[in-house]
Colleague: 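The structure is given below, and queries will be raised subsequently.
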Amino acid sequence: MKSFQERIDEVPRKGWVKAICWGIVYVAFVVWVAWGDWASLGWLVLLPVVVDAFTTKFINWGFWRKYKDTKPTLYMVCSWIDAIVFALVAVYFINLYIFQNYQIPSSSLEKSLRVGDFLFVSKMSYGARVPNTPLSMPLMQHTFPAWLGGGKSFIEHPQWAYKRLNGWDNPKKGDIVVFNFPAGDTVCTLMQNPDYYTLCYYYGKQNVENRKRAFGDIVYRPVDRRENYVKRCVGEPGDSLQIRDNVVYVNGVAESDREGRQMNYYIVTDGHILTKSYLDKIGISIEDRELIQPGVYRFPLTQAMKAELAKNPHIQTIQIQPEQEGGEVYPLGHNTWTRDNYGPIYIPKKGDQVMITEENYWLYKRIADAYEHQPMQIGQEYTFQMDYYWMMGDNRHKSADSRYWGFVPEDHIVGRPVFIWLSIEKDKPWFKGHIRWNRLGKRAWQ
């Protein structure tokens, strides 16, 4: 066996160059992750392993290379394993700390972001989170695909405490934000919409948990393994918010008009049929087209789309959808608010102390129970441990948002979408608009 000095003497110059470069990268990464929590600098104990990989090679990671001529099959298998492991590790760290891909699954942000848009989501904008569940399969949020047998794609232990690295900014009013679904901690595997808590409210907890054929198994998911949602931030920590007649007021000021905001409207014609080509021209997607009865339609419309429809001589009335069709809102069973007339509420800010009363107890109960795990009692002050946000969709009457499941804690924030790198119109053929070329590269955060 070669001595340590002999190994040192045999290291080529390029080996030392690689070791220095990768060592600097590793040290910088550990310091970035450990900033403010210096105990995490203990990961620097692995620095000699990084250096050894390019220099003395006491740990012989490439032992299989010597079989290139003698055992070509073994060499080929090991080569593939080496490449796959390297790719998975690289993707794991990129996905955790730098960016991830996200596809728009629903129409809650139409026309700002459209179903079929693929987003580049920056983790660094608001600061990447150190993972709560570090042992997970890259590119899989919580479940293996069916062809791999299904089941959890993560191991719940160890569980790390919430920590966010320094970012460039915090979510601001008007930002489009990707976050983990706050009510997604407990999930019915066969019916995830509406969420578990809403199902328990309407059907009873015992029925939901016992009727597995209807609702499936009940599973728990850690914060970073919950479903990803994307909405617009309309309220920041410390804001007071109220919705009156579909208009959001923050600190008493009405939100500015936004080009992509939509409401549901009933459209009554004189019996004339609104054709597919005409609705395509107006910009009403196929999934948004709803015929209530002959001559009566229901569409989500922006103000510009409404004005265009009003020019049609066959249209007799355009009336906004009545609010009573919206159903109950958060906190379920403990207010008389509606989707279109909500609040007023105070959005908690870290360090704020609020006197808990019978009026606000249920508004903040889930914060204390599920997010902060702190006792809260009526008649006592409660100090909030995190910042909270209020998220809503631009498609106001077709968005399951904070009006239905409440506040979004800061530890649920994933990142900010930066741009659209692909956009697919699933209802159109490949060579007739299947790819929305005009949306590629479009800014996605506002």
Side-chain angles (χ1 to χ4, degrees), residues 132 159 161-162 171 177 179-188 191-206 208-209 218-229 231 233-243 326-339 342-393 399-414:
N132 301 115
Q159 275 286 309
Y162 164 65
V177 182
F179 55 92
N180 296 118
F181 181 35
D185 54 344
T186 308
V187 176
C188 300
M191 188 181 293
Q192 298 188 35
N193 188 21
D195 61 84
Y196 168 79
Y197 298 100
T198 301
L199 291 171
C200 288
Y201 175 76
Y202 285 112
Y203 297 101
K205 182 178 179 180
Q206 189 172 3
V208 172
E209 294 184 350
I218 310 300
V219 298
Y220 173 80
R221 291 173 181 164
V223 171
D224 58 341
R225 297 296 122 197
R226 294 169 193 174
E227 207 70 52
N228 285 330
Y229 271 36
K231 307 287 180 187
C233 176
V234 298
E236 299 176 40
D239 284 341
S240 294
L241 180 143
Q242 186 175 16
I243 303 173
E328 293 191 70
V329 294
Y330 174 87
L332 289 171
H334 296 285
N335 60 61
T336 58
W337 303 334
T338 66
R339 175 197 61 201
Y342 189 96
I345 63 168
Y346 173 75
I347 304 172
K349 184 178 182 180
K350 184 178 181 179
D352 278 357
Q353 292 184 323
V354 172
M355 177 60 69
I356 302 303
T357 66
E358 292 183 0
E359 288 74 27
N360 66 18
Y361 175 78
W362 291 102
L363 186 64
Y364 300 128
K365 184 177 187 300
R366 179 162 174 79
I367 287 179
D369 290 348
Y371 307 143
E372 301 187 351
H373 309 289
Q374 299 290 328
M376 186 181 76
Q377 294 182 8
I378 295 175
Q380 296 183 2
E381 284 192 336
Y382 183 84
T383 303
F384 294 101
Q385 308 298 310
M386 288 191 288
D387 286 331
Y388 291 83
Y389 299 87
W390 196 259
M391 305 289 186
M392 293 175 62
S399 174
D401 51 36
S402 284
R403 292 169 295 177
Y404 297 97
W405 33 255
F407 305 101
V408 176
E410 65 172 79
D411 67 343
H412 283 56
I413 301 296
V414 173

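Heavy-atom basis, side chains included; hydrogens, waters and symmetry copies ignored. Numbering of residues begins at 1 and proceeds along the displayed sequence.
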Colleague: Check side-chain hydrogen bond (donor to acceptor under 3.5 Å, both in side chains) between Asn180 and all other residues, then give those that pass, not counting sequence neighbours.
Modeller: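 Listed in chain order: Arg129, Asn228.
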Colleague: Does a side-chain heavy-atom distance below 4.5 Å link Lys231 with Tyr229?
Modeller: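 A side-chain contact exists here, since the closest heavy-atom pair is under 4.5 Å.
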Colleague: If you compare all heavy atoms of Phe407 against all heavy atoms of Leu363, which two are closest, and at what distance to 0.1 Å?
Modeller: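 The pair with the smallest heavy-atom distance is CE1-O, 3.5 Å.
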Colleague: Would you say the side chain of Lys350 lies within less than 4.5 Å of the side chain of Phe384, judging by non-hydrogen atoms?
Modeller: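 Side chain of Phe384 against side chain of Lys350, heavy atoms only: no contact under 4.5 Å found.
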Colleague: Taking the inter-plane angle between the rings of Tyr388 and Tyr371 on a 0 to 90° scale, is it parallel (under 30°), tilted (30 to 60°) or perpendicular (over 60°)?
Modeller: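 Tilted, since the angle between the ring planes falls between 30° and 60°.
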Colleague: So, for Phe181 and Trp405, is the gap between ring centers shorter than 6.0 Å?
Modeller: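 Ring centroids of Phe181 and Trp405 are less than 6.0 Å from each other.
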Colleague: Take atom CD in Glu358; do more than 12 heavy atoms of anything else shown fall under 6.0 Å from it?
Modeller: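 No, because the 6.0 Å sphere around CD of Glu358 holds 12 heavy atoms or fewer from other groups.
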Colleague: So, Glu328 and Tyr404: side-chain donor and acceptor under 3.5 Å apart, yes or no?
Modeller: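 No pair is found: no donor N or O on one side chain lies under 3.5 Å from an acceptor on the other.
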Colleague: Do you know which two heavy atoms are closest between Arg221 and Glu227, and how far apart they sit?
Modeller: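 That would be NH1-OE1, 3.9 Å.
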Colleague: Answer yes or no: is there a side-chain heavy-atom contact under 4.5 Å between Val234 and Trp390?
Modeller: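 Touching, per the 4.5 Å side-chain cut-off.
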Colleague: Taking the side chain as C-beta and beyond, is there a heavy-atom pair between Val208 and Cys188 under 4.5 Å?
Modeller: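 SC-SC contact between Val208 and Cys188 confirmed.
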Colleague: Specify the closest pair of heavy atoms between Val354 and Asn360, including all atoms of both residues, with the distance to one decimal.
Modeller: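 Heavy atoms of Val354 and Asn360 come nearest at CG1-ND2, 3.8 Å.
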Colleague: Given side chains that start at C-beta, do those of Val408 and Ser402 come closer than 4.5 Å, heavy atoms only?
Modeller: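 Contact flag for Val408/Ser402 side chains = yes.
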Colleague: Step by step, work out the ring pair (Phe, Tyr, Trp, His ring centres under 6.0 Å) result for Phe179 and Tyr389.
Modeller: CA-CA 11 Å; Phe179 55 92; Tyr389 299 87; 9.6 Å; no
Colleague: Looking at every non-hydrogen atom in both residues, tell me the closest pair between Lys349 and Gly238 and how far apart they are.
Modeller: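 Minimum heavy-atom contact is CB-N, 3.7 Å.
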Colleague: Does a side-chain N-to-carboxylate-O contact under 4.0 Å join Asp185 and Arg366?
Modeller: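 Answer for the salt bridge query: yes.
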Colleague: For Tyr364 and Glu372, test the side chains for any donor-to-acceptor distance below 3.5 angstrom and give the result as yes or no.
Modeller: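 There is no such pair (donor and acceptor under 3.5 Å, judged by atom type) between the side chains of Tyr364 and Glu372.
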Colleague: Could you tell me whether the side chain of Met386 reaches within less than 4.5 Å of the side chain of Ile367, counting heavy atoms only?
Modeller: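 Heavy-atom side-chain distance check fails, nothing below 4.5 Å.
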